[in-house]
Number of protein chains: 2
Amino acid sequence: MKSPRAAAERAAPITEWEALVVEAVGTVIEFWRFKRNQGRVWALLYLRGREMTAHDLQEALALSKGAVSMVTRELEEWGVVSRVRSDADAAWHFHAETDLMKMVGRVIEKRESKLVLGVKADLERAERLARASGDVPPDVLARLHRMKTLASVIDRAVRGFLHTARLDVGGAVSVLSGVLPVRRPRRGSARISPG
Amino acid sequence: MKSPRAAAERAAPITEWEALVVEAVGTVIEFWRFKRNQGRVWALLYLRGREMTAHDLQEALALSKGAVSMVTRELEEWGVVSRVRSDADAAWHFHAETDLMKMVGRVIEKRESKLVLGVKADLERAERLARASGDVPPDVLARLHRMKTLASVIDRAVRGFLHTARLDVGGAVSVLSGVLPVRRPRRGSARISPG
DNA sequence: GGTGTAGTTCAAGCGCGCTTGAACTGCAAG
DNA sequence: CTTGCAGTTCAAGCGCGCTTGAACTACACC
């Protein structure tokens, strides 16, 4: 064969239980508007806990060459996967970082900001136009104004969520990396298992 | 003509500023995984503050007959739009309720529950299978367990958000209906019932 | 130089959900 | 009964984003 090294370390085919985990993470990540395969790749890397080549990933997850390239690049940009050049092998090897949720939080926040800024600008322009036109009844203007208020309320609620999630996820990061978060006798946080 | 009543009350074509509002709400509602046209219809009904027929909506928002029928039925099922038979006209008239966010919160919560329950079940099954197979290294089992913990953490964060959002939106409802929310510095008992 | 493998890019294809519009029911007036 | 409008349904069409796979670059070894 051409590459005895790679051939020797042929990727282990994915097991049934690994597939369950991979698809579960894929489903969640898809729900948060990322690509399913991003979640699948991260999940497998994290689960196995050792480096895998692009080729390994391609076979284990039944992806095309191109898909692996795109997905890994995106995960790398977000800092949830890193790529190392191993000595024993000419190929790149990927391994999972543990701060998946930090990335999710960051990206969601950016998306939300963009959305909210656009909407706010549109509502304000609408209000200006409506006032300028002069023939808009006061009750309609009042409702328009209330919608702006609603937008702010929603915005604040989402930001509050992201903030809280970020904090909670601070614990989650530790959970993923194996470091136990400080046990606070808060609400039912007794879920954390001994390492 | 055939129907002098309807002809006389021809729907006012949508103005530029109304379009801005309608599209803004459509964008937000779409972001929350509802149909854009659901947001557009609700927004126009709410903004104008008076009843509109299916035909009015069709013209004002450039929708097809079928689309109006589907969208209004869905909005009705969620309780954010109601339908009344006017005396002056044989047709149904729609008008907007003000508790849009209550619906959004409810539906999002349902979706999230479904997702989380499925994921939890899958991860638990995976853990059982992995243990049963016997040849899974302990560190991998540990990571699998940690993923379950992460799932719980995320779940709790989302539920916290929805809870908070629901409360905040209690105020928002009042905002939309014109009743000013009481400025309570603390959350919790801010449930305002005008009736 | 040539050969082979690793990885990237992007136009074309595919899948999936939303929208359309024609056929349908129902009702009221003539 | 017929006519005409209001509203519903659903198969087919369309749009949009993800995936594919072939052509490409890059690099290592001979």
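Chain naming here is simple, since letters A, B, ... match the order of the sequence lines and numbering starts at 1 in each. Note that the structure is a prediction, hence the values are computed from the model and not measured.
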Tell me whether the NZ or CZ atom of R36(B) lies within the 45° cone about the ring axis of F31(B) and under 6.0 Å from its centre. no
Nearest-Å distance, CG (L75(A)) to P (dT8(C))? 13 Å
Would you please name every residue forming a ring-ring contact (aromatic ring centres under 6.0 Å, His included) with W42(B), sequence neighbours left out? Y46(B)
Is there any side-chain hydrogen bond (donor to acceptor under 3.5 Å, both in side chains) pair reaching into residues 113-122 of chain A, and which pairs are they, with sequence neighbours excluded? S113(A)-R159(A)
For W78(B), what residues pass the ring-ring contact (aromatic ring centres under 6.0 Å, His included) criterion, not counting sequence neighbours? F34(B)
Among residues 26-45 of chain A, which ones have heavy-atom contacts with DNA chain D below 4.0 Å? K35(A), N37(A)
Please determine whether a side-chain nitrogen or oxygen atom of R83(B) lies at a distance below 4.0 Å from atom OP1 or OP2 of dT8(D). yes
When the side chains of residues 63-72 of chain A are checked against the rest of the protein, which donor-acceptor pairs come out under 3.5 Å, sequence neighbours left out?
residue: S64(A); atom: OG; partner: A67(A); partner atom: N; Å: 3.1
residue: T72(A); atom: OG1; partner: V68(A); partner atom: O; Å: 2.6
residue: T72(A); atom: OG1; partner: S69(A); partner atom: O; Å: 3.0

Partners of E124(A) by side chain to side chain donor-acceptor pair (under 3.5 Å), sequence neighbours excluded? none
How many Å lie between CZ on R85(B) and C1' on dA28(C), as a whole number? 11 Å
Those residues at least two apart in sequence (or on a different chain) that pass side chain to side chain donor-acceptor pair (under 3.5 Å) with E76(A) are R83(A)
Round to a whole Å and report the spacing from CD of E74(A) to P of dT9(C). 11 Å
Checking E127(A) now: which residues fulfil side chain to side chain donor-acceptor pair (under 3.5 Å) with it, not counting sequence neighbours? R131(A), H145(A), K148(A)
Whole angstrom value for the distance that separates C1' of dT19(D) from CG of L57(A): 16 Å
Please list, by residue number, the residues of residues 62-70 of chain B whose heavy atoms come closer than 4.0 Å to an atom of DNA chain C; answer none if no residue qualifies. S64(B), G66(B), A67(B)
Atom-to-atom span, CH2 of W92(B) to P of dA28(C) - whole angstrom: 11 Å
Out of dG7(D), dG7(C), dT9(C), which has the shortest distance to the side chain of R73(A)? dT9(C)
